[in-house]
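Read the structure below first, then the notes.
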There are 2 protein chains.
Amino acid sequence: MTKARTHVLETIAQAKEPVSARQLCGKFQHEHDPATIYRALHYLEEKGRLDSFILHCSEHGTERYYVLHVAEHRHWFHCERCHRFTDLGLCQFDALVAKMSADRGLTVTSHTFYATGVCSECRAKTKVSVKTPG
Amino acid sequence: MTKARTHVLETIAQAKEPVSARQLCGKFQHEHDPATIYRALHYLEEKGRLDSFILHCSEHGTERYYVLHVAEHRHWFHCERCHRFTDLGLCQFDALVAKMSADRGLTVTSHTFYATGVCSECRAKTKVSVKTPG
DNA sequence: CAAAAATTGCAAACGACTTGCAAAATATAC
DNA sequence: GTATATTTTGCAAGTCGTTTGCAATTTTTG
Ligand SMILES: [Mn+2]
Ligand SMILES: [Mn+2]
Ligand SMILES: [Zn+2]
Ligand SMILES: [Zn+2]
């Protein structure tokens, strides 16, 4: 493991939410070139240490996000206000996906799911400010 | 409705699967500029005539796909071999999404789901060629 | 330690999409 | 129906996330 790959992997391992290449490039802008960050991400995903998915958010556009590879994958909610992720827990779609694909003779190798909206904290802020007199 | 908007909407209305901007630009390359196609897509989605989602495929990369807006949305499977879509039917995730979000206090405004893999036709071709003697 | 292989930084390129702007088409006002 | 205002278009350039060529540096191998 080179220094760049270690930095990238440890950052993602310590994060509580998916991390984008942009965030990593920002964090290591004085240590590693963006090309090195992208190459490290490809290397780590290819070696099975990372998983990734693409998510679109109106403010950040379309970006790939990375998480540590784990045996049972999870899905995520992305808040369009604060841009943090909420863990939706272990994937509960397998049975449904198996049924949908079996019915149609499909061999499903991967699926993507995410939800977007407003998280509980941002929702609370909105309600408070709406109710505030004056 | 201008000519460009009519062309875009009718193409998507007649298609049996989601259509990308790239496909539309190819089809109308002698009639409309790509900028006009993109502007027509934005206009039609904004007016509620189209829905769209972003899907990543290893061969075509990350693109936005458009379908006619209908009351109850559907989800799609994308074949990584022939790059055609298979309709997975009406969304069956609403109950699960409602539960996941209620548990966490999330206000979900949209969700994205798609599966990728090999469609039944491409799977059949593979099996035949594997079994062929010689 | 020398040669081969892998990794890096930099600059340029890529592809999907967006935008500024002036011309052309369309709608609205007399 | 011609002048005026508005909308839409094509073109060229720009943006943004990501990728790639290449030469220099680092690491591995013999
Ligand atoms: Mn975001
Ligand atoms: Mn495809
Ligand atoms: Zn939030
Ligand atoms: Zn197929």
Side-chain angles (χ1 to χ4, degrees), chain A residues 1-12 17-67 78 80 83 85 112 114 116, chain B residues 1-12 17-67 78 80 83 85 112 114 116:
Chain A
M1 289 282 285
T2 66
K3 193 181 283 188
R5 289 168 183 174
T6 304
H7 282 164
V8 166
L9 184 58
E10 287 187 352
T11 301
I12 295 168
E17 358 178 336
V19 179
S20 68
R22 193 172 46 78
Q23 293 172 304
L24 293 164
C25 289
K27 171 162 190 176
F28 295 116
Q29 61 187 308
H30 301 302
E31 288 156 273
H32 307 292
D33 191 82
T36 304
I37 304 280
Y38 280 101
R39 287 192 276 231
L41 289 167
H42 293 335
Y43 172 89
L44 292 165
E45 187 163 23
E46 144 96 24
K47 296 294 178 191
R49 309 288 303 271
L50 296 181
D51 289 331
S52 74
F53 58 93
I54 285 174
L55 177 143
H56 177 88
C57 131
S58 55
E59 195 164 318
H60 295 115
T62 306
E63 289 182 296
R64 189 175 285 274
Y65 291 82
Y66 292 86
V67 295
H78 184 75
E80 292 273 10
H83 303 281
F85 285 89
T112 296
Y114 63 83
T116 60
Chain B
M1 290 280 286
T2 66
K3 193 181 282 189
R5 290 168 182 173
T6 303
H7 282 162
V8 165
L9 185 58
E10 287 188 352
T11 299
I12 295 168
E17 3 179 332
V19 178
S20 68
R22 194 172 45 78
Q23 293 173 304
L24 293 164
C25 290
K27 171 162 189 176
F28 295 116
Q29 62 185 308
H30 300 303
E31 286 156 277
H32 307 291
D33 190 83
T36 304
I37 303 281
Y38 281 101
R39 287 193 273 231
L41 289 168
H42 293 161
Y43 172 89
L44 292 165
E45 188 162 26
E46 144 99 25
K47 296 294 178 191
R49 309 290 302 271
L50 297 180
D51 288 332
S52 74
F53 60 93
I54 285 174
L55 176 143
H56 178 90
C57 133
S58 54
E59 196 164 316
H60 294 114
T62 307
E63 291 182 294
R64 191 175 283 273
Y65 291 82
Y66 292 85
V67 294
H78 183 76
E80 291 275 7
H83 303 281
F85 284 89
T112 297
Y114 62 84
T116 60

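Chain naming here is simple, since letters A, B, ... match the order of the sequence lines and numbering starts at 1 in each. The structure presented is a predicted model; accordingly, all values stated were derived computationally and were not measured.
Between the CD atom of B/Glu59 and the C1' atom of C/dG15 there is a distance of 15 Å, given to the nearest Å. The CD atom of A/Gln23 sits 17 Å away from the P atom of D/dC16 (whole-angstrom rounding). A straight line from NE2 of B/His56 to C1' of D/dG17 spans 13 Å, rounded to a whole angstrom. Counting to the nearest Å, the P atom of D/dT8 and the CZ atom of B/Phe28 are 18 Å from each other. To the nearest angstrom, P of C/dA25 lies 10 Å from NZ of B/Lys3. Atom-to-atom, CG of A/Leu41 to P of D/dT18 comes out at 9 Å; the value is rounded to the nearest Å. Between the CD atom of B/Glu63 and the P atom of D/dT18 there is a distance of 16 Å, rounded to whole Å. Rounded to an integer number of Å, the gap from OH of B/Tyr65 to C1' of C/dC17 is 15 Å.
Candidate nucleotides C/dC17, C/dT8, D/dT19 were compared by shortest atom distance to the side chain of A/Ala4, and C/dT8 ranks first. Listed nucleotides: D/dC11, C/dT7, D/dT9. Nearest to the side chain of B/Ala35: D/dC11. In the set D/dG17, D/dT8, C/dT18, C/dT18 carries the atom at the smallest distance from any side-chain atom of B/His42. Candidate nucleotides C/dC17, D/dT18, D/dG10 were compared by shortest atom distance to the side chain of A/Tyr38, and D/dT18 ranks first. Closest to the side chain of A/Asp33, out of C/dT8, C/dC10, D/dT8, is C/dC10.
Ring geometry for A/Phe53 against A/Tyr65 counts as parallel: the plane angle stays under 30°, on a 0 to 90° scale with 60° as the upper cut.
Checked options B/His7, B/Lys27, B/Lys3; the residue passing with B/His32 is B/His7 (criterion: side-chain hydrogen bond (donor to acceptor under 3.5 Å, both in side chains)). Each of B/Val67, B/Val19, B/Leu55 was evaluated against B/Phe85; a single residue qualifies, B/Leu55, per the side-chain contact (heavy atoms from CB on, under 4.5 Å) test.
Using a 4.0 Å heavy-atom criterion, one finds that A/Arg39 contacts the bases of the nucleic acid, with or without backbone contacts as well.
Between the side chain of A/Glu80 and the backbone N or O of A/Thr116 there is no donor-acceptor pair closer than 3.5 Å. B/Glu31 places no side-chain N or O within 3.5 Å of a backbone atom of B/Phe28 that could act as its donor or acceptor partner.
The shortest distance between the side-chain N/O atoms of A/Arg5 and the OP1/OP2 oxygens of C/dT7 is below 4.0 Å. In this structure, B/Thr2 does not reach the C/dA25 phosphate: none of its side-chain N or O atoms is under 4.0 Å from OP1 or OP2.
Residue whose closest nucleotide on DNA chain C sits further toward the 5' end, between B/Gly61 and A/Ile37: A/Ile37.
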